[in-house]
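Remarks on the structure that follows.
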Amino acid sequence: MLDSQHSASKADIVEANFQKLARSRRLYTWFALVALAIAVSWSAWFANDSNAGKFLDRLPYLFDFFIDLAPRDVMEPPRALFDVESPYFDGSFKYDYPEGRVYLIGDFYLPEYFYKMIETLNIAAVSTIFGYALGFVLSFLAAANMNSNRWLRFGVRRFLEILRAFPEIVIAGFFLVVFSLGAIPAMLAVAIHTVGALGKMFYEVVENADLKPDEGLRAVGANWVERVWFGMVPQVMPNFVSYGLLRFEINVRASTIIGAVGGGGIGESLRLSITRGHEAKTIAIIFLLFVTIIVVDQLSAYLRRKLVGEQAFLMERAA
Amino acid sequence: MLKLDTVSRRFGNTIAVSDCTLTIPAGQMVGIIGRSGAGKSTLLRMINRLIDPSGGRIRFGEVEVSALKGSMLRSWQRDCAMIFQQFNLVPRIDVLTNVLLGRLNSRNTATSLLGMFTRKERAEALTALERLDIAEVALQRAGTLSGGQQQRVAIARALMQNPKMILADEPIASLDPRNAKIVMDSLKQINKSEGITVICNLHTLDTARAYCRRIIGMRGGHVVFDGSPEDLTTEVAQELYGADGLKDAFSESITSTSLPTGAPALARERANSVGPITEPIAAG
């Protein structure tokens with residue numbers, strides 16, 4: 001048993017040390033804040049300096065773009081969106097909304113931009129699935145707790161790094177040269193980047209996984225594949241799916257951007273209508289993109305909450 | 001017959017197990033006791049080869065266990081089932097499948113991955129669960145069970161391996177006294193009826209005394225005692241646990257998983273003679 005005097009002096013020492021630690025922590029926080037402020041103002045100045053037009057000089061022209069974007073009447077963007085004929089139709093491409101309708105059965109058609117949006121979503125979905133599958137396999141080889149071979153692990157990790165080092169748009173530029181314009185190079189580019197990005201997130205999940213089930217299976221005499229499948233996959237799957245959904249959200253945006261540089265889909269339509277000055281079409285596309293991205297994000301957030309929530313619930317029970 | 005010949009294990013500069021030489025005939029129930037850090041866990045893991053020995057040899061009959069590799073090593077691990085303090089089940093999979101996983105080594109990987117277990121295998125798994133009196137939870141997720149139930153599932157999985165030996169690493173350290181007794185009774189019963197060797201790490205003297213005819217004491221990586229419960233005198237216990245540790249080792253009413261038997265003072269006294277865990281418990 002501790003005598004009270006002894007414990008009191010011990011408390012004093014702890015208190016003094018705590019104070020000392022807190023003081024130095026505060027000091028470092030201030031240092032960091034000052035350094036951050038200097039860095040931010042310098043980089044803002046640098047960006048402004050290296051830009052052709054000076055930020056403050058050009059600021060008043062910001063709204064010119066929005067003025068140019070105003071359609072002839074309020075109903076024009078909806079007409080452009082749903083491919084309904086325009087009263088302003090003059091034979092020019094600008095007001096030719098029905099052009100590009102995709103007829104499904106008889107008179108029933110899919111408006112052009114909906115079709116293009118589906119094309120973009122399809123690029124995102126296919127590339128997410130391929131990236132997910134390959135990232136899934138590679139992550140177990142990259143995780144230190146599942147692969148004790150240092151060289152193989154090193155190789156896989158560097159490989160994943162290389163894949164995610166290049167932005168989708170750079171890979172797309174390369175594949176556009178090889179496969180010419182269209183959805184295939186876009187899919188390849190997004191899928192390749194996805195392998196690298198998901199592979200890294202996945203192996204970090206695997207490395208943080210509880211190893212007790214795996215140890216139990218090793219002691220049973222299970223081989224590596226069986227250990228991965230039964231010991232690891234059940235516990236990492238909610239996180240994997242959650243990351244996969246998050247990646248799908250990102251890939252919808254990436255596919256749109258790649259579309260703008262020739263990868264097909266809605267991005268291509270957007271770029272064309274902006275450069276040609278088709279204001280109603282531009283507004284229609286931006287609106288469609290906006291709604292689609294919100295719907296995709298909300299849906300994936302809902303699913304992820306369900307997944308991770310369920311996991312939290314299970315962990316609570318196991319504890 | 002399991003033979004350990006000067007088996008050692010180092011982790012960096014620390015020696016976890018040092019020159020351990022033991023012979024364990026088939027069918028024995030052996031308790032290994034000692035303070036935490038004495039090397040009990042490392043020793044058991046080396047026998048199952050979850051950890052590779054740094055030196056020495058382990059033999060089982062004609063098999064040179066310490067030299068096994070690849071699929072031969074995995075089939076040894078099937079023969080030498082292991083039970084853990086934290087159960088080490090797959091919490092998100094149902095109990096029946098967890099038990100079936102004990103068969104992994106004896107079947108085709110592809111059909112295992114697809115979950116294609118035969119009706120006969122399922123019946124065997126259910127029999128194992130019934131034997132441990134937990135068949136009613138067969139379709140629940142393992143993670144939703146209590147600790148005592150999970151440990152019984154782990155024993156059922158071990159039985160599913162058709163093992164020649166069961167190693168139990170602190171099987172009751174995370175359990176309440178009632179479940180501890182059920183688990184230890186099950187191990188004892190398996191040892192008796194099947195003649196399977198059971199080697200059990202325990203941290204309480206009285207449990208070891210009550211269940212094991214042979215007790216091995218370890219201290220600082222060395223085997224310092226090997227004999228019957230009757231030979232385990234207070235002096236020997238003092239050597240095992242050290243002068244300070246002895247008090248902890250005996251004041252089991254506070255720290256241990258043994259069954260409470262009234263006044264703590266009484267329990268402490270009785271720990272020197274008969275383990276209180278052997279006493280029957282009232283149902284409910």
Side-chain angles (χ1 to χ4, degrees), chain A residues 1-2 133 136-137 139-141 143-150 152 202 205-206 208-242 304 306-319, chain B residues 44-45 47-51 68 70-94 97-110 112-115 140-147 150 153-154 157-158 160-161 163 166-167 169:
Chain A
M1 238 226 277
L2 285 166
F136 181 92
V137 175
S139 68
F140 293 105
L141 293 170
N145 52 5
M146 288 313 283
N147 180 6
S148 52
N149 183 333
R150 281 176 62 205
L152 180 61
F202 285 179
V205 172
V206 174
N208 284 318
D210 178 11
L211 279 178
K212 289 198 292 282
D214 178 60
E215 189 183 37
L217 292 176
R218 271 204 297 151
V220 157
N223 62 32
W224 189 80
V225 178
E226 291 162 345
R227 280 168 50 204
V228 166
W229 189 251
F230 290 111
M232 275 292 162
V233 171
Q235 70 170 303
V236 298
M237 214 50 194
N239 279 316
F240 275 26
V241 174
S242 170
R304 280 186 289 124
K306 271 193 95 169
L307 279 165
V308 178
E310 185 199 26
Q311 193 193 29
F313 170 72
L314 269 175
M315 278 158 72
E316 205 176 82
R317 286 247 271 193
Chain B
L44 277 203
R45 273 153 210 261
I47 296 174
N48 179 277
R49 288 286 309 278
L50 281 173
I51 296 177
L68 293 175
S71 67
M72 293 294 285
L73 171 59
R74 290 197 294 274
S75 59
W76 161 248
Q77 287 172 324
R78 175 199 60 207
D79 292 341
C80 168
M82 185 117 182
I83 288 160
F84 300 84
Q85 179 178 348
Q86 294 297 330
F87 331 124
N88 292 12
L89 301 170
V90 186
R92 299 176 69 92
I93 294 183
D94 63 86
T97 310
N98 260 293
V99 176
L100 285 164
L101 293 184
R103 271 294 151 79
L104 281 181
N105 192 265
S106 342
R107 49 196 325 284
N108 175 286
T109 300
S112 296
L113 296 192
L114 293 170
Q140 275 186 42
R141 284 187 181 198
T144 64
L145 304 186
S146 72
Q150 288 197 46
V153 175
R157 178 172 77 179
M160 204 61 188
Q161 291 173 237
I166 293 180
L167 309 174
D169 186 14

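Every chain is numbered from 1, with letters handed out A, B, ... down the list of sequences. Just so you know, these numbers come straight off a predicted model, no measurement behind them.
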(Q) Can you list everything that forms a ring pair (Phe, Tyr, Trp, His ring centres under 6.0 Å) with B:Trp76? Sequence neighbours excluded, please. (A) B:Phe60
Q) B:Gln86 versus chain A, heavy atoms under 4.5 Å apart: side chain, backbone, both or neither? A) both
Q.
Once rounded to the nearest 0.5 Å, what's the spacing between atom CD of A:Glu215 and atom CZ of B:Phe84?
A. 4.5 Å
**Q.** Under 4.5 Å from any heavy atom of chain A - which part of B:Arg157
**A.** side chain
Q: Only counting residues at least two apart or in another chain, list the ones meeting ring pair (Phe, Tyr, Trp, His ring centres under 6.0 Å) with B:Phe87.
A: none
(Q) If we define contacts as heavy-atom pairs under 4.5 Å, which of B:Leu50, B:Val90, B:Asn48 has the most with chain A? (A) B:Leu50
(Q) Given 3.5 Å as the limit, does a donor-acceptor pair link the side chain of B:Asn105 with the main chain of A:Ala222, or not? (A) no
**Q.** Distance, nearest 0.5 Å, that separates CD of A:Gln235 from CZ of B:Arg92
**A.** 8.5 Å
Q | Reported CZ-to-OG distance for the pair A:Phe230 and B:Ser112, which is rounded to 0.5 angstrom | A | 6.0 Å
Q.
For chain A, which candidate among B:Leu89, B:Leu167, B:Ile93, B:Leu101 shows the most heavy-atom pairs at distances under 4.5 Å?
A. B:Leu101
Q) Looking at CG of A:Asn223 and CG of B:Leu73, how far apart are the two atoms once the value is rounded to the nearest 0.5 Å? A) 12.0 Å
(Q) Is B:Thr109 close to chain A through its backbone or its side chain, or both, or neither, when contacts mean heavy atoms under 4.5 Å? (A) both
